[in-house]
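First comes the structure, then the notes that go with it.
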Amino acid sequence: MADIADVKDIRRLVDTFYGRVRRDSVLAPLFNDVACVDWHTHLDVMTTFWSALLLRSGRYRRNALAPHLRLFGQVAYQPSHMQRWLTLFDQSVDELFQGSLAEKSKHWARGIARNMENQIIKATASQEVCND
């Protein structure tokens, strides 16, 4: 099995991973019913995002946290959401690739998930204080 080498590999990973997300009993309702994700656009954005991280393309120029804060402003955040996301991501990487960039992608995913989770918890806690 080869390592992640180029944007085609990243697109393959993104398509595989989000294919799982779209069918997942925990995550699909969040993406499809609450966030109403435009999948064509989202897959392109995520390919750009992961290319920026893994291939240092420098092309990603969005705020990755903002859509997640909007989502969890509508639905209560559960740690199981992020854990499921990581499980599906790791499964997708492990199914398709092996090597240093594959491992780096899983490492980055864990760091991103940890950071997002901290920011989501912080934001939702401050909303609760404001709503009391």
Side-chain angles (χ1 to χ4, degrees):
M1 208 174 343
D3 199 1
I4 297 168
D6 56 28
V7 72
K8 287 180 186 177
D9 289 340
I10 290 174
R11 184 56 187 239
R12 189 168 152 224
L13 171 59
V14 165
D15 287 347
T16 300
F17 168 61
Y18 282 104
R20 286 187 164 117
V21 168
R22 291 168 83 167
R23 295 183 306 273
D24 187 71
S25 63
V26 173
L27 298 178
L30 295 175
F31 279 81
N32 295 325
D33 303 333
V34 180
C36 300
V37 169
D38 170 349
W39 285 105
H40 177 74
T41 301
H42 190 65
L43 296 175
D44 288 346
V45 168
M46 291 295 93
T47 299
T48 301
F49 175 80
W50 284 104
S51 294
L53 289 177
L54 298 174
L55 303 177
R56 303 222 183 266
S57 72
R59 292 180 38 227
Y60 186 80
R61 300 277 186 245
R62 294 178 172 219
N63 177 346
L65 181 60
H68 297 87
L69 292 177
R70 281 193 302 274
L71 172 65
F72 292 111
Q74 298 172 33
V75 174
Y77 174 75
Q78 302 294 322
S80 60
H81 295 140
M82 204 62 75
Q83 198 52 46
R84 187 66 184 149
W85 186 91
L86 283 170
T87 297
L88 296 178
F89 188 85
D90 284 353
Q91 286 174 350
S92 299
V93 171
D94 290 343
E95 174 185 299
L96 299 170
F97 302 104
Q98 182 177 7
S100 62
L101 279 182
E103 291 306 311
K104 190 176 207 176
S105 72
K106 293 189 295 185
H107 173 77
W108 274 98
R110 285 187 287 282
I112 291 164
R114 189 171 39 255
N115 183 50
M116 288 237 183
E117 182 171 59
N118 290 338
Q119 295 298 321
I120 291 164
I121 290 169
K122 186 173 157 184
T124 55
S126 68
Q127 287 174 352
E128 290 171 11
V129 169
C130 293
N131 292 331
D132 287 342

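One-based numbering along the sequence shown.
- With hydrogens and angles ignored, the 3.5 Å screen pairs a side-chain donor or acceptor of Asp3 with a backbone N or O of Ala102.
- In this structure, Phe31 and Trp39 have parallel ring planes: the angle between them is below the 30° cut-off, well short of the 60° mark.
- Considering every non-hydrogen atom in both Phe97 and Asp9, the closest pair reads CZ-O, 3.4 Å.
- Remark: side-chain polar atoms of Arg23 are paired, donor with acceptor, to backbone N or O of Gly19 under 3.5 angstrom.
- No side-chain heavy atom of Ile10 sits less than 4.5 Å from a side-chain heavy atom of Met46.
- In plain terms, the two heavy atoms of Ile4 and Ser105 that are nearest each other are CD1-OG, 4.1 Å.
- Leu27 and Asp24 get closest at one heavy-atom pair: N-OD2, 3.0 Å.
- Atom-to-atom distance recorded for Ile112:CD1 and Leu65:CG is 11.5 Å, nearest 0.5 angstrom.
- The structure places OG of Ser92 at 11.0 Å from CZ of Arg12, a figure rounded to the nearest 0.5 Å.
- Distance CZ/Phe17 to CZ/Arg22: 12.5 Å, rounded to 0.5 Å.
- Residues satisfying the side-chain contact (heavy atoms from CB on, under 4.5 Å) test with Ser80, not counting sequence neighbours, are Gln78.
- Taking the side chain as every heavy atom from C-beta outward, Arg11 and Asp15 approach each other to under 4.5 Å.
- Each of Leu101, Leu13, Leu88 was checked for a side chain to side chain contact (heavy atoms under 4.5 Å, CB included) with Val93, and the lone residue meeting it is Leu13.
- Using a 4.0 Å cut-off between charged nitrogen and carboxylate oxygen, Lys106 and Glu103 count as a salt-bridge pair.
- Interatomic distance, Leu71 CG to His81 NE2, rounded to the nearest 0.5 Å: 8.0 Å.
- At least one donor-acceptor pair under 3.5 Å links the side chain of Asn32 to the backbone N or O of Ala28.
- Of all heavy-atom pairs spanning Gln74 and Val34, the tightest one is OE1-CG1, 3.2 Å.
- Contact between Ile120 and Leu69 at its shortest, heavy atoms only, is CA-CD2, 3.9 Å.
- Separating the OG1 atom in Thr16 from the CZ atom in Phe89 is a distance of 11.0 Å, to the nearest 0.5 Å.
- In this structure the side chain of Trp50 reaches within 4.5 angstrom of the side chain of Leu53, judged on heavy atoms.
- A pairwise comparison of heavy atoms in Met82 and Glu117 identifies CE-N, 4.1 Å as the closest pair.
- Annotation: the span from Met1 atom CE to Leu96 atom CG amounts to 8.0 Å, rounded to 0.5 Å.
- When the side-chain contact (heavy atoms from CB on, under 4.5 Å) test is applied to Asn115, the partners found at least two apart in sequence or on another chain are Gln119.
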